[in-house]
Amino acid sequence: MTNSSKDKKGHGPYKTATNLVRGGVERSQFKETSEAIFMNSGFVYNTAEEAAGRFKGDNDGYIYSRYANPTLSVFEERMRLLEGAESARGTASGMAAVNAALMSHVKAGDHVVAPKALFGSCLYIIEEVLPRFGVNITLVDGTDLDQWKAALSQKTAAVFLETPSNPTLEIVDIAAVSDMAHKAGAIVIVDNVFATAIFQKPLTLGADVVVYSATKHIDGQGRCLGGVVLGCEEFIEETLFPYIKHTGPALSPFNAWNLLKGLETLELRVEKQTDNAEKVADFLAESLAVKTVIYPGRADHPQAALAEQQMKRGSTLVSFELEGGQESTFKFLNRLQVIDISNNLGDAKSLITHPTTTTHSSVDDALKAELGISDGLVRLSVGLENVDDLINDLGSALN
Ligand SMILES: *Cc1c(COP(=O)(O)O)cnc(C)c1O
């Protein structure tokens, strides 16, 4: 087993801020300060023997950017150090990461358990794609440990969960679910997008695999798509990597470079956005036009104790339900002057969305009602603007 907190040269462990700025740096012969972008698809060999040896695995080096690329490797190493994982592999998007983590592991006859409260595309993979390949699935209320217990069996190969969930910010008990899943022989895959690695470390809570949409907080500046899967060396290198290498959801070196630049400021941005989110949540809770505020960092969150136990802080996201239906909610959204209407999240710019008509429009009405995704529910991703401007914008639009 490799030491997850040390870099490849055996240095460290370093603290998060140091890893985010310097993790994985490999300078070329030109000794550039910032990471270079290796925008190439292939690599050349000095001799035919070297090429043959490279394919055999006798000499180290790159072969083809669908497999690996120097810029991508720096991103993977920086993510690995941030998460404290043994191994990491980048992908073209968050969904490519989710798909590869699940599809590389399960086979026909296996069983997968997941909460109903999932990002729409994750729900599609679990509900629509997996059953087509003979994988049985069970969806549970992620907050109810009895339902998890009843769903898990010796046939369960994987548990896939997201916490806090989108858009209702429900908290799943990662340690308790991991414990039950391991007893059934299943691996636990956590989509850690909403919490980020700054506030929640699923691997230390017992999860086996962590996936990210790097498009969200890791880039955090609306520039590119990306994803990453992290876990133990055996899973990442022997199960996931052959699947990625041969099916091709490769992360572009240019995007990997953008994500490296994003990682340098990840902690600063997430902490500051959360400072802003806390103030926005407190302001909304006082507003008469707001029926409920859902924020994991507030004492009135239904699972405040669990949130405090497994997350360092709340989140950059605040969800809230307005009095009145879709018409008045649309009116509110249309009146915002600073905050943009967008389904993206984790960005430096504050973005707001109406889940029931956008991100969750394909979810059937009964499930939406069960999950609390009502006509008055909005999800706000709080950005880096001055918080007074955000509060004034929300206040004027609510009046
Ligand atoms: C956005 C998101 C994804 C998908 O990521 P993409 O980079 O858009 O493919 C998966 N899970 C969660 C929780 C997300 O927010």
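The figures that follow rest on heavy atoms only: side chains count, while hydrogens, waters and symmetry mates do not. All figures in this text were calculated on a predicted structure; none of them were measured in a lab.
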message: For H217 and T316: C-alpha separation, side-chain torsions, deciding distance, then whether side chain to side chain donor-acceptor pair (under 3.5 Å) applies.
response: CA-CA 9 Å; H217 302 85; T316 64; 2.7 Å; yes
Exceeds 12 heavy-atom contacts within 6.0 angstrom, atom CD of E32: yes
query: Atom CE in M95, atom CG in D191: separation rounded to 0.5 Å?
result: 8.0 Å
- prompt: When you look at NZ of K272, are more than 12 heavy atoms from neighbouring residues, nucleotides or ligands closer to it than 6.0 Å?
  reply: no
- prompt: Any salt bridge between E271 and K312, counting N to O under 4.0 Å?
  reply: yes
query: So, Q337 side chain and S396 main chain: donor-acceptor pair closer than 3.5 Å or not?
result: no
field: Among D219, V74, V228, the one residue meeting side-chain contact (heavy atoms from CB on, under 4.5 Å) with L259
entry: D219
message: What verdict does the side-chain contact (heavy atoms from CB on, under 4.5 Å) test give for Y14 and R22, after you've listed the backbone C-alpha separation in whole Å, the side-chain angles of each residue and the deciding distance to 0.1 Å?
response: CA-CA 10 Å; Y14 299 114; R22 296 187 169 270; over 6 Å; no
- request: Decide, yes or no, whether a salt bridge links D179 with K183 under the criterion of side-chain N to carboxylate O below 4.0 Å.
  value: yes
- prompt: Is the closest basic N to carboxylate O distance between D110 and K107 below 4.0 Å?
  reply: yes
- prompt: Would K9 and D7 satisfy salt bridge (charged side-chain N to carboxylate O under 4.0 Å, His left out), going step by step from the backbone distance to the final call?
  reply: CA-CA 5 Å; K9 297 179 187 111; D7 70 17; 5.7 Å; no
task: Check L203 against G84 and note the closest heavy-atom contact, atom names and distance.
output: CD1-O, 4.3 Å
message: Is a donor from one side chain sitting under 3.5 angstrom from an acceptor on the other, for Y124 and S362?
response: no
- prompt: Between E264 and R78, is the closest basic N to carboxylate O distance under 4.0 Å?
  reply: yes
message: Quick test of your reading of the model: are R298 and D282 salt-bridged, counting only N-O distances below 4.0 Å?
response: yes
query: Less than 4.0 Å between a side-chain N and a carboxylate O, is that true for D347 and K349?
result: no
task: Give a yes or no on whether D60 atom CG has more than 12 heavy-atom contacts from other residues, nucleotides or ligands under 6.0 Å away.
output: no
